[in-house]
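The next block holds one structure in the form of structure tokens; read it before the comments.
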Amino acid sequence: MHTTEDKPVAPHSGRRIAGEDPAKREQILDGAKRVFMEEGLEAASMNDITRAAGVSKGTIYVYFENKEDLFGSMIERERRRITETVRHVLDGRKPIAETLMEFGVLFATHMTADPTIRAMRMVIAANHRLPKLCSRFFSATPINPVSVLQEYLDRQVAAGIVVADDTAQAAKQFIELTTVGLFKPRIFGSMEDVPQKTVIEQNVASAIRVFLAAYGAKP
């Protein structure tokens with residue numbers, strides 16, 4: 001029999017352990033994002049981030065190892081945000097073409113937006129000096145746009161709407177199709193302006209036609 005002495009005693013104080021305050025972490029990331037977007041990864045300093053976040057430098061180091069860790073964490077947060085956004089679209093019961101249109105437009109809009117393009121250029125430029133950061137940037141987390149689209153496609157396969165032996169590959173192919181002719185020109189500077197919504201919608205509509213021609217169940 002266990003007595004009450006065997007149970008860990010909860011601390012009486014309501015204070016959080018250093019580095020475990022979600023609101024403070026978000027505050028730091030918000031400040032860091034503003035600095036990185038304005039100055040770039042190389043030029044941004046921890047002093048700049050300290051001022052933008054409104055915290056002490058010591059507080060930043062409680063939460064993040066260094067500037068590169070802070071940048072990587074910022075990218076991962078943005079990835080989680082877009083994943084949750086597109087996942088919400090995929091949870092509905094609309095026809096597959098309509099659902100894929102909403103998903104594709106959201107994803108392509110995010111991928112061609114100025115903040116995303118700037119962040120990717122920073123990582124590519126720093127690859128020779130910070131290869132681990134580049135690896136972290138492009139590594140797939142367990143929950144990401146591909147994984148949530150794969151889950152959706154699995155449900156469509158079960159419903160007899162989609163025919164695919166490898167829904168992970170099918171999800172990757174659709175995602176690539178949504179930004180064909182947009183993402184690379186944005187990254188390499190031949191398309192300076194963010195593509196208009198109508199252009200993105202046309203791109204995604206074309207992606208859906210190709211995707212359903214390959215994976216849509218035939219009558």
Might you work through the side chain to side chain contact (heavy atoms under 4.5 Å, CB included) test for Thr50 and Ile60, ending with a clear yes or no?
CA-CA 7 Å; Thr50 295; Ile60 291 181; 3.5 Å; yes
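- Taking CD of Glu42 as the start and CD of Glu39 as the end, the distance is 12.5 Å to the nearest 0.5 Å.
- The line from CD of Glu78 to OG1 of Thr116 is 7.5 Å long, rounded to the nearest 0.5 Å.
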Go through Glu68 and Arg129 one step at a time and tell me if the side chain to side chain contact (heavy atoms under 4.5 Å, CB included) criterion holds.
CA-CA 11 Å; Glu68 288 72 32; Arg129 188 174 66 84; 3.9 Å; yes
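- Arg186 places no side-chain N or O within donor-acceptor distance of the main-chain N or O of Ile117, the cut-off being under 3.5 Å.
- The closest side-chain heavy-atom distance from Glu102 to His88 is not below 4.5 Å.
- Inter-residue side-chain proximity for Arg77 and Asp30 is flagged as met; some heavy-atom pair is nearer than 4.5 Å.
- Criterion: ILVMFWY side-chain heavy atoms under 4.5 Å apart, direct or through other members. Under it, Phe188 and Met111 are part of a common hydrophobic cluster.
- Clustering ILVMFWY residues whenever any of their side-chain heavy atoms sit less than 4.5 angstrom apart, transitively, puts Ile49 in the very cluster that holds Met37.
- Atom CG of residue Asn144 and atom CZ of residue Arg87 lie 10.0 Å apart, to the nearest 0.5 angstrom.
- One hydrophobic cluster holds both Leu182 and Ile82 under the rule that ILVMFWY side chains link at heavy-atom gaps under 4.5 Å.
- Linking Ile, Leu, Val, Met, Phe, Trp and Tyr whenever their side-chain heavy atoms come within less than 4.5 Å puts Tyr61 and Phe64 in one cluster.
- Considering all non-hydrogen atoms of both residues, Val146 and Ala168 come closest at CG1-O, 4.2 Å.
- Closest non-hydrogen pair, Gly31 versus Ala52, comes out as O-CB, 3.6 Å.
- Expressed to the nearest 0.5 Å, how far OG1 of Thr83 lies from NE2 of His110 amounts to 8.0 Å.
- Between the side chain of Thr59 and the backbone N or O of Val55 there is no donor-acceptor pair closer than 3.5 Å.
- Within the model, atoms CD1 of Ile200 and OG1 of Thr112 stand 4.0 Å from one another, a figure rounded to the nearest 0.5 Å.
- Counted within 6.0 Å of CG on Asn47, heavy atoms from surrounding residues, nucleotides or ligands total more than 12; the atom is thus considered enclosed.
- Shortest non-hydrogen contact noted between Met122 and Leu41 is SD-N, 3.4 Å.
- Ring-plane geometry between Phe103 and Phe107 is classed as parallel, the angle between the planes falling under 30 degrees on a 0 to 90 degree scale with a further cut at 60.
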Can you check side chain to side chain contact (heavy atoms under 4.5 Å, CB included) on Phe174 and Ile208, steps first, answer last?
CA-CA 8 Å; Phe174 178 72; Ile208 292 170; 3.8 Å; yes
Mind running side chain to side chain contact (heavy atoms under 4.5 Å, CB included) on Asp91 and Tyr152 for me, showing each step along the way?
CA-CA 8 Å; Asp91 285 341; Tyr152 171 78; over 6 Å; no
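- Side chain to side chain, Ser206 and Asn203 fail the donor-acceptor criterion of an N or O pair below 3.5 Å.
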Going by atom type alone, with no hydrogens or angles, which donor-acceptor pairs under 3.5 Å involve a side-chain atom of residues 153-163 and a protein atom two or more places apart or on another chain?
{"residue": "Asp154", "atom": "OD1", "partner": "Thr167", "partner atom": "OG1", "Å": "2.6"}
{"residue": "Arg155", "atom": "NH2", "partner": "Leu90", "partner atom": "O", "Å": "2.9"}

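- Taking every heavy atom of both residues into account, Ala119 and Phe71 meet most closely at O-CZ, 3.9 Å.
- Separating the CD1 atom in Ile175 from the CD atom in Gln150 is a distance of 10.5 Å, to the nearest 0.5 Å.
- Taking each heavy atom of Leu177 and Ala207 in turn, the nearest pair found is CB-CB, 3.5 Å.
- With contacts defined as side-chain heavy-atom distances shorter than 4.5 Å, the pair Arg25/Ser73 qualifies.
- Closest approach of Tyr215 to Ala170, counting heavy atoms only: CZ-CB, 3.7 Å.
- With hydrophobic clusters built from ILVMFWY side chains whose heavy atoms lie under 4.5 angstrom apart, Val199 shares a cluster with Met101.
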